[in-house]
Amino acid sequence: MDDTTTKQTPSAQAAGWLAAFDAALSARDLSGALALFDDDCYWRDLVAFTWNIRTQEGKDAIRDMLSACLDATRPGGFALEGEPTEADGVVDAWFRFETGAARGRGHLRLKGGRCWTLLTTMTELKGHEEPAGTRRPQGAEHGVQRGRKNWIEQRREHEARFGIDEQPHVVIVGGGQGGIGLAARLKRLGVPTIVVEKNARPGDSWRNRYKSLCLHDPVWYDHLPYLPFPDHWPVFSPKDKIGDWLEMYVKVMEIDYWGSTLAKKARWDEASGQWEVTVERDGRERVLRPKEVVFALGVSGYPNVPKIPGAETFEGVQHHSSKHPGSEGFAGKKCVVLGSNNSAHDICADLWEHGADVTMIQRSSTHIAPSKSLMELALGGLYSEQAVAAGVTTDKADLIFASVPYQIMAPMQVPVYDEMKRRDADLYARLEKAGFMLDFGDDGSGLFMKYLRRGSGYYIDVGASELVADGSIKLKSGVGIERIAPKSVLLSDGTELPADLIVYATGYGSMNQWLADLVSPDVADRVGKVWGLGSDTTKDPGPWEGELRNMWKPTQVPHLWIHGGNLHQSRHYSQFLALQLKARKEGIPTPVYGLAPVHHLR
């Protein structure tokens with residue numbers, strides 16, 4: 001690119017770049033394609049080129065990927081979508097493209113006429129488009145026909161035979177928002193799927209949590225696929241309201257959902273080329289035989305309940321935060337909450353509201369992000385009423401978010417949390433004066449990077465921090481519980497606290513703990529650690545991987561997939577997992593490039 005390039009309009013720059021890129025790829029001119037990239041460059045691909053979720057960092061990685069994938073992918077038709085923009089010397093542009101098997105959408109950032117970041121995503125498989133819009137089914141069968149069965153009769157017949165006389169192609173183990181959203185996408189793609197869930201009703205995983213729980217993320221961030229929340233829905237959804245929405249969603253989207261069904265064991269049968277998933281339903285064991293199994297059991301594994309000497313002697317009530325039903329009945333009682341992240345703060349605040357004498361035990365530092373500041377500084381540009389008014393739809397916001405490679409996301413986040421420190425300096429000062437141990441992540445990059453790296457270590461403040469700062473919630477920091485007595489807890493600094501209730505808000509284990517029990521320890525080890533980026537920060541050991549470990553993409557165990565994350569991630573990435581599963585069902589070649597090696601087992 002010469003100096004005149006940067007004097008062109010953003011539209012001319014982006015159109016020229018895409019044309020040159022399209023021509024280079026069509027000619028299999030790798031050197032010509034690489035010349036279009038800046039030395040500091042990133043190409044994030046969501047299934048379109050690699051049949052994987054993978055970020056190529058630097059020209060050498062891009063060359064290797066193109067050398068391996070270009071002939072099979074057969075990309076072309078790169079064309080601008082909408083009007084590119086320019087800010088701070090960076091041109092932003094959206095584009096459409098095609099491959100031999102699919103259609104896609106992408107995002108491009110240019111600096112000095114060369115590519116800084118490139119995002120390519122698969123949107124649909126050719127010949128297997130979703131039946132939406134002009135392709136929607138007719139529904140009614142006009143004319144006359146003896147013995148005609150209406151929709152509800154056909155639906156009941158399907159439910160009676162599916163999973164018994166007719167086997168699913170996919171079984172999703174876990175019927176929370178992740179499993180439900182993925183099942184809806186697979187339903188639209190014509191992939192026979194059964195969701196297996198131990199709770200009785202869709203949404204029970206939310207209903208069964210502590211009474212005061214509300215989502216800490218805003219409504220614009222939390223939509224499910226296809227059916228957004230109505231525009232009067234509250235910004236922060238109460239748990240039971242979310243539970244009811246999920247139950248409605250399962251019914252409306254005609255998802256084959258087996259509630260009150262316990263997944264007991266899963267094994268791959270090499271001879272038949274399918275899984276055998278043993279479940280217990282209606283008091284009897286059944287065996288499902290899908291080709292693919294998706295574990296959608298949340299971000300984490302089993303609850304972490306610390307083994308503390310003397311716990312068996314405690315005469316009060318003790319349980320993990322996941323089992324905390326609410327704070328009624330604890331007025332005037334001495335309550336100890338071990339932990340200092342989201343659940344710990346929520347439960348402490350709820351206990352205080354119900355008249356309890358509550359003490360938080362903080363073992364290590366916690367990042368506090370006041371909700372108002374987080375919404376305005378971190379999420380507002382993409383997920384807010386203002387973003388919607390500016391034309392940033394949920395799908396567009398998801399793609400903008402996805403277009404930022406994780407390698408450069410952390411430094412981009414630091415200024416956000418520097419401003420939060422300035423804006424909320426008074427709260428932070430009063431928390432520290434109360435003895436609360438604060439952090440903003442190992443590198444100052446704040447909440448979302450902590451979430452991606454370790455899935456813990458933060459609290460989105462919706463009120464409890466003020467109670468900690470003013471002493472309404474008592475605090476013991478830098479200590480743990482060393483021993484439990486019949487009516488008290490003894491802390492590592494020698495303090496003894498009387499206790500009628502102990503809540504262990506101590507988080508969860510790795511997601512692949514489920515695999516060890518449901519499949520085998522060997523399979524769990526072959527899959528390896530789930531979640532984290534390999535950032536070599538606290539609880540996220542290196543080496544750098546560049547994408548979340550094992551999420552929404554092929555694992556080292558064929559036909560075994562892992563789905564999860566928050567509502568935003570479950571919604572967005574379910575699209576790409578569903579397309580991978582559909583392609584395999586239809587026999588479309590899916591050569592996976594860059595299958596991630598296993599560096600850690602848990």
Side-chain angles (χ1 to χ4, degrees), residues 174-181 197 199-225 227-253 257 259 298-300 319-331 337 339 341-356 358 368-376 379-380 383-385 388 394 447 451 458-467 473 503 505 508 564-571:
Q177 71 264 9
I180 287 170
E197 168 59 40
N199 289 310
R201 296 160 54 201
D204 277 353
S205 55
W206 286 96
R207 295 187 188 97
N208 293 341
R209 296 296 304 280
Y210 53 90
K211 183 177 177 181
S212 63
L213 177 63
C214 286
L215 291 184
H216 290 184
D217 298 322
V219 62
W220 308 277
Y221 191 76
D222 293 332
H223 295 301
L224 270 66
L227 290 179
F229 296 112
D231 58 11
H232 73 286
W233 197 264
V235 174
F236 301 105
S237 303
K239 69 180 183 74
D240 295 288
K241 198 172 180 68
I242 286 290
D244 289 349
W245 182 264
L246 291 172
E247 188 167 22
M248 176 279 299
Y249 187 89
V250 165
K251 193 174 186 67
V252 169
M253 298 303 291
Y257 190 97
V299 174
S300 308
H319 48 235
H320 189 265
S321 58
S322 60
K323 302 297 184 183
H324 186 66
S327 300
E328 292 83 355
F330 290 102
V337 177
N341 295 336
N342 268 335
S343 294
H345 277 83
D346 283 350
I347 291 170
C348 282
D350 189 45
L351 285 164
W352 179 86
E353 287 182 341
H354 283 82
V358 58
I368 303 295
S371 178
K372 186 173 186 292
S373 295
L374 187 69
M375 297 308 109
E376 293 176 1
L379 292 176
Y383 301 99
S384 67
E385 208 62 52
V388 173
T394 300
L447 186 145
Y451 169 71
Y458 52 85
Y459 168 56
I460 300 175
D461 178 29
V462 293
S465 288
E466 188 61 44
L467 296 176
I473 294 173
V503 179
Y508 299 82
N566 59 28
L567 280 154
H568 151 247
Q569 291 171 307
S570 292
R571 172 189 65 245

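Worth saying up front: this structure is predicted, and the values here are computed from it rather than measured.
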Tell me which donor-acceptor pairs under 3.5 Å the side chains of residues 230-238 have, and how far apart each pair is, sequence neighbours excluded?
from   : atom 1 : to     : atom 2 : distance (Å)
Trp233 : NE1    : Ser237 : OG     : 2.7

- Task: Kindly say whether the aromatic ring centers of Tyr383 and His223 come within a distance under 6.0 Å.
- Result: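 Between Tyr383 and His223, the centre distance exceeds or equals 6.0 Å.
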Over all atoms of both residues, closest heavy-atom pair of [X] and [Y]:
X	Y	result
Ile460	Asn342	N-OD1, 2.9 Å
Val503	Ser321	CG1-CA, 3.9 Å
Ala369	Leu374	CB-CD1, 4.3 Å
Ser570	Gly565	OG-O, 3.4 Å

- Just grab all the salt bridge (Lys or Arg N to Asp or Glu O under 4.0 Å) pairs involving residues 345-355, residues at least two apart or on different chains.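 For residues 345-355: none.
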- Message: Can you list everything that forms a ring pair (Phe, Tyr, Trp, His ring centres under 6.0 Å) with His324? Sequence neighbours excluded, please.
- Response: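 So His324 forms a ring pair (Phe, Tyr, Trp, His ring centres under 6.0 Å) with His319.
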- Does His216 have any ring pair (Phe, Tyr, Trp, His ring centres under 6.0 Å) partners at least two apart in sequence or in another chain, and if so, which?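 Applying ring pair (Phe, Tyr, Trp, His ring centres under 6.0 Å) to His216 gives none.
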- Item | Verdict with reasoning, Lys241 to Asp244, per salt bridge (charged side-chain N to carboxylate O under 4.0 Å, His left out) | CA-CA 5 Å; Lys241 198 172 180 68; Asp244 289 349; over 6 Å; no
Heavy-atom donor-acceptor pair, [X] side chain to [Y] backbone, under 3.5 Å:
X	Y	answer
Tyr249	Pro225	yes
Arg209	Cys214	no
Asn566	Gln569	yes

Between [atom1] of [X] and [atom2] of [Y], what distance do you get to the nearest 0.5 Å?
X	Y	atom1	atom2	value
Ser205	Gln177	OG	CD	6.5 Å
Leu467	Cys348	CG	SG	9.5 Å
Arg201	Asn208	CZ	CG	9.5 Å
Ile473	Ser465	CD1	OG	8.5 Å
Ser327	Lys211	OG	NZ	9.0 Å
Glu197	Asp204	CD	CG	7.5 Å

- Message: Checking Asp217 now: which residues fulfil salt bridge (charged side-chain N to carboxylate O under 4.0 Å, His left out) with it, not counting sequence neighbours?
- Response: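 If we apply the salt bridge (charged side-chain N to carboxylate O under 4.0 Å, His left out) test to Asp217, skipping adjacent residues, there are no hits.
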- With sequence neighbours left out, write down each residue that passes salt bridge (charged side-chain N to carboxylate O under 4.0 Å, His left out) with Asp240, or none if nothing qualifies.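 Listed in chain order: nothing, the list is empty.
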Any heavy-atom pair between the side chains of [Y] and [X] that's under 4.5 Å?
X	Y	value
Asn341	Tyr459	no
Leu215	Tyr221	no
Phe229	Ile242	yes
Thr394	Arg571	yes
Ile180	Tyr257	yes

- Message: Looking at Trp245, I want to see if its CH2 is surrounded by more than 12 non-hydrogen atoms of other residues, nucleotides or ligands under 6.0 Å.
- Response: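 It does: Trp245 CH2 has more than 12 such atoms within range.
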- Report the C-alpha distance between Tyr508 and His320 in whole Å, list the side-chain angles of each, state the deciding distance to 0.1 Å, and finish with yes or no for side chain to side chain contact (heavy atoms under 4.5 Å, CB included). CA-CA 10 Å; Tyr508 299 82; His320 189 265; 3.8 Å; yes
- Query: Going through the checks in order, is the side chain to side chain contact (heavy atoms under 4.5 Å, CB included) test met by Trp220 and Leu379?
  - Reply: CA-CA 10 Å; Trp220 308 277; Leu379 292 176; over 6 Å; no
